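By convention here, the first residue in the shown sequence is residue 1. Note that ligands are numbered from 1 as they come in the structure, with each ligand's atoms numbered from 1 the same way. Only a predicted model underlies this, so the values are computations on that prediction, with no experimental measurement involved.
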Amino acid sequence: MCGIVGYVGENQAAPILLDGLYKLEYRGYDSAGIAVYGEEGIKVAKARGRLKILDEMTHGGAMLPGTAGIGHTRWATHGAPNDVNAHPHFNRDESIVVVHNGIIENYLKLKKKLEGKGYQFCSETDTEVVAQLLDYYYDGDPLKAITKIMHRMEGSYALGILFKDHPGTVYAVRKDSPLIVGHGQGGNLIASDVPAVLKYTRSVYFIENEEIAKLTKDDITFYNIDEEVLVKEPSEIGWDISAAEKGGYEHFMLKEIYEQPKAIADTLNPRLKDGRIVIEELKMDDEEIRQIHKIFIVACGSAYHTGVTSKYVFEGLARIPTEVDLASEFRYRNPILDEHTLVVIISQSGETADSLAALRLAKSQGVRTLGIVNVVGSSIAREADNVMYTWAGPEIAVATTKAYSTQLIAQYLLALKFAQARRMLPEEELAGYIADLRKIPDQVEMVLGNKEKIQKFANRYLAAKDIFFIGRGIDYAISMEGSLKLKEISYIHSDAYAAGELKHGTISLIEEGTLVVAVLTQAELYKKTISNMVEVRSRGAFVMAVTNSGNQEVEKTADFVIYIPETNRYFTNSLAIIPLQMFGYYVALGKGCDVDKPRNLAKSVTVE
Ligand code: G6P
């Protein structure tokens, strides 16, 4: 939610800021702005809408000369997305300027106090309060003013700040919103995420909560809230900028769909050694695993959908009771946790506010926690007792595909590890599952071969009003994700139903020609789901089916069928989701939607 960047160095700041913001646009894109410190002091340009508008308005940044600056791309929380509410925000005499990602929860109280002291506000944002609060405490020493406001602000923030009295210096501070510092040649940078600095450096510092960074052209100094200097070590990023670029694909989403075989293999292979599953990061021996009597999987969005699948996998393979919760529900429902519980938090970004809060809740009760996270060094990765990384690489499209696929793989591995430790799987069966795991990357590749067929079919549904997805068991979990993919990027209303539940109300929505997508990968449930397909078909529905190869029987009831290669009943999601991702993509493409940046959404949801 919102992306921030900052630069100070030998080069012109504005083009570097714009370039960095393009890499962060996935975080929010309803308005953008930059502030640059030039010969005539601090100049700000901001505009409602996509970054491209600001880019054109400033002639690629040329209208704001200067070698130090900060920038912002916004996902509106406080106040409508308009020019006034766009960041950066000034203090009253325009001598301090701020960009912000996060929410200052007590901003109204602070605003009232400042108004009482004569301050006036022009925007509806919480960020302007930060700028004015800095003004209130500022006596010539930026560090002192920053630590003072840190004591007053409640909520989350990553801030980039310029002070007119301190040319050639960018200040940054964070609490519960991500922020990194890049150490470049001839200049230093701040950013909400690594891709924004990768063009200039692979050497980055991860700023911890309540740490402050002071950047000049040649120096980076870190401080804690007591203004003491901190010594920090940089980390080297293991991938380069090409991983975060489209590389010839029309959209990041399509590129990421096609990257799935590799992402799955990268997540899988390091954990398969000599025919065994080795998850060193788990840091639990078999006896400790046997002490776990219950698993909670907690996540948001698509990550939650992977958890819905994994419940079946954990319970089926390891026979361990597993609950799946939306993080936003878990955190407020007073869950029953004890020393025999493992809480698994799943998150691509590692920054999702509700997932982070759920993790903290579990930790506060002394419960063992495991993060399954994609972004290295993110908050959930750092705060969980142990972290198992998914090696999907940078995911840029708002609608997740490859991170989702790798989250499934991580959970299959974990379930097999638990099954092994709990002695629920004879050796030969375990070997069979491992063999099936190894086949998944190639099988995904095969399913991707259906591209043309799916695109042609998708083009028939560009004007659809409602599209329903149905399935039972794991097929229901697959349906949930298929439905989400479609609706989030194509804006066509869609719902997923447990197939047997349709007749309890939703079937009244079926009209002549309504598309119903049925998922049938669980052989023991084929007949049951086929009955539900017959029910909707006899009410006029057109039925698309995704099923295992060999289930030709389905052609009697479905109008269009996509087959997936044979695997065991637990791993089918990894294959069946691929045609549904492609279907969503091609419907959105055909409708001319902005596939990578769907309206109202953001990839990293750092607000509640
Ligand atoms: C947003 C994204 C989804 C994602 C969800 C959880 O809504 O658009 O794709 O599944 O957040 O994000 P996380 O980073 O925690 O996996």
Visitor: Decide if the gap between the ring center of Phe571 and the ring center of Tyr412 is smaller than 6.0 angstrom.
Guide: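 Ring-ring flag for Phe571/Tyr412: true, centres closer than 6.0 Å.
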
Visitor: Could you note down all residue pairs passing salt bridge (charged side-chain N to carboxylate O under 4.0 Å, His left out) where residues 366-380 supplies at least one of them, sequence neighbours left out?
Guide: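 Those involving residues 366-380 are Glu288-Arg368.
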
Visitor: Is any NZ, NE, NH1 or NH2 atom of the basic residue among Glu395 and Lys402 found under 4.0 Å from an Asp or Glu carboxylate oxygen of the other?
Guide: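 Looking at Lys402 together with Glu395, the answer is no, because their closest N to O distance does not fall below 4.0 Å.
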
Visitor: Evaluate the side-chain proximity of Leu414 to Ile279: yes if any heavy-atom separation is below 4.5 Å, no if none is.
Guide: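 In contact.
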
Visitor: Would you say the ring centers of Tyr404 and His305 fall short of 6.0 Å from each other?
Guide: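 Aromatic pair excluded; centres sit 6.0 Å or further apart.
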
Visitor: Kindly print each ligand 1 N/O atom paired with any protein N/O atom under 3.5 angstrom away, one pair per line, or none if nothing qualifies.
Guide:
residue: ligand 1; atom: 8 (O); partner: Val398; partner atom: O; Å: 3.4
residue: ligand 1; atom: 9 (O); partner: Val398; partner atom: O; Å: 3.4
residue: ligand 1; atom: 10 (O); partner: Ser302; partner atom: N; Å: 3.0
residue: ligand 1; atom: 12 (O); partner: Thr352; partner atom: OG1; Å: 3.3
residue: ligand 1; atom: 14 (O); partner: Ser347; partner atom: OG; Å: 3.4
residue: ligand 1; atom: 14 (O); partner: Gln348; partner atom: N; Å: 3.4
residue: ligand 1; atom: 14 (O); partner: Ser349; partner atom: N; Å: 2.7
residue: ligand 1; atom: 14 (O); partner: Ser349; partner atom: OG; Å: 2.6
residue: ligand 1; atom: 14 (O); partner: Thr352; partner atom: OG1; Å: 3.3
residue: ligand 1; atom: 15 (O); partner: Ser347; partner atom: OG; Å: 2.6
residue: ligand 1; atom: 15 (O); partner: Thr352; partner atom: OG1; Å: 2.4
residue: ligand 1; atom: 16 (O); partner: Gln348; partner atom: N; Å: 2.7

Visitor: Can you confirm whether or not the ring centre of Phe296 sits under 6.0 Å from the ring centre of Phe330?
Guide: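 That pair passes the under 6.0 Å test.
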
